[in-house]
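On a predicted model such as this, the values are computed, not experimentally measured, just so you know.
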Amino acid sequence: MEEIFENPILKEFYEVRRNALETTILKEQGKENTINIEKTQEILSNEIRKLEINNEVKFRITEQIEQFENALNEESDLLSRNFYKIGFIDAISLIKEVKDNLEKFKKI
């Protein structure tokens with residue numbers, strides 16, 4: 001099963017499915033999600049601007065937050081990709097198990 005897990009076609013399947021899912025979610029719920037993200041970013045930016053520190057420090061804080069956000073997104077994507085692969089492998093195993101059981105029942 002490990003060779004299936006490492007198969008590059010699963011990555012391609014995942015990317016296609018992910019893009020389709022993102023498009024669907026944005027159509028159905030995207031406005032709400034986008035508004036919440038934009039509102040949170042605006043609040044955070046305003047709070048950073050209020051800090052009585054020099055602009056260089058504010059810039060570094062903003063950069064660190066962006067790096068943190070990127071790391072979270074990468075980790076989430078990695079987990080999602082692996083869960084997708086596991087689901088795909090589970091589906092193959094389930095199909096095989098159902099076939100095997102059907103053949104056993106046919107013999108009875």
Side chains of residues 43-55: which donor-acceptor partners sit under 3.5 Å, not counting sequence neighbours?
from: S45; atom 1: OG; to: Q41; atom 2: O; distance (Å): 3.0
from: N46; atom 1: OD1; to: R49; atom 2: NH1; distance (Å): 2.5
from: N46; atom 1: ND2; to: E42; atom 2: O; distance (Å): 3.3
from: E47; atom 1: OE2; to: K50; atom 2: NZ; distance (Å): 3.3
from: N54; atom 1: OD1; to: E56; atom 2: N; distance (Å): 3.1
from: N54; atom 1: OD1; to: V57; atom 2: N; distance (Å): 2.9

Checklist line | For E97, side-chain hydrogen bond (donor to acceptor under 3.5 Å, both in side chains) partners two or more places apart | finding: none
Notebook entry, point to check: Residues two or more places apart in sequence or in another chain: which of them pass side-chain hydrogen bond (donor to acceptor under 3.5 Å, both in side chains) with Q64?
Noted result: none
Check: Among the clusters formed by ILVMFWY side chains lying less than 4.5 Å apart, do F68 and F59 turn up in the same one?
Finding: no
Next item on the list: Using the test salt bridge (Lys or Arg N to Asp or Glu O under 4.0 Å), find all partners of E15 that sit at least two apart in sequence or belong to another chain.
Entry: R18, R81
Check: Under the salt bridge (Lys or Arg N to Asp or Glu O under 4.0 Å) test, which residues partner E63, sequence neighbours left out?
Finding: none
Check: Atom OG in S80, atom CD in E75: separation rounded to 0.5 Å?
Finding: 10.5 Å
Note to self: Walk me through whether T62 and E66 qualify under side-chain contact (heavy atoms from CB on, under 4.5 Å).
What the structure shows: CA-CA 6 Å; T62 303; E66 287 175 8; 3.8 Å; yes
Check: Would Y14 and N82 satisfy side chain to side chain donor-acceptor pair (under 3.5 Å), going step by step from the backbone distance to the final call?
Finding: CA-CA 9 Å; Y14 171 76; N82 286 322; over 6 Å; no
Notebook entry, point to check: If only atom types and distance count, is the side chain of S76 paired as donor or acceptor with the main-chain N or O of L72 below 3.5 Å?
Noted result: no
Next item on the list: Applying ring-ring contact (aromatic ring centres under 6.0 Å, His included), name anything that partners F83, two or more places apart in sequence or on another chain.
Entry: none
Margin query: Can you confirm whether Y84 sits close enough to L79 that some side-chain heavy atom of one is under 4.5 Å from a side-chain heavy atom of the other?
Written below: no
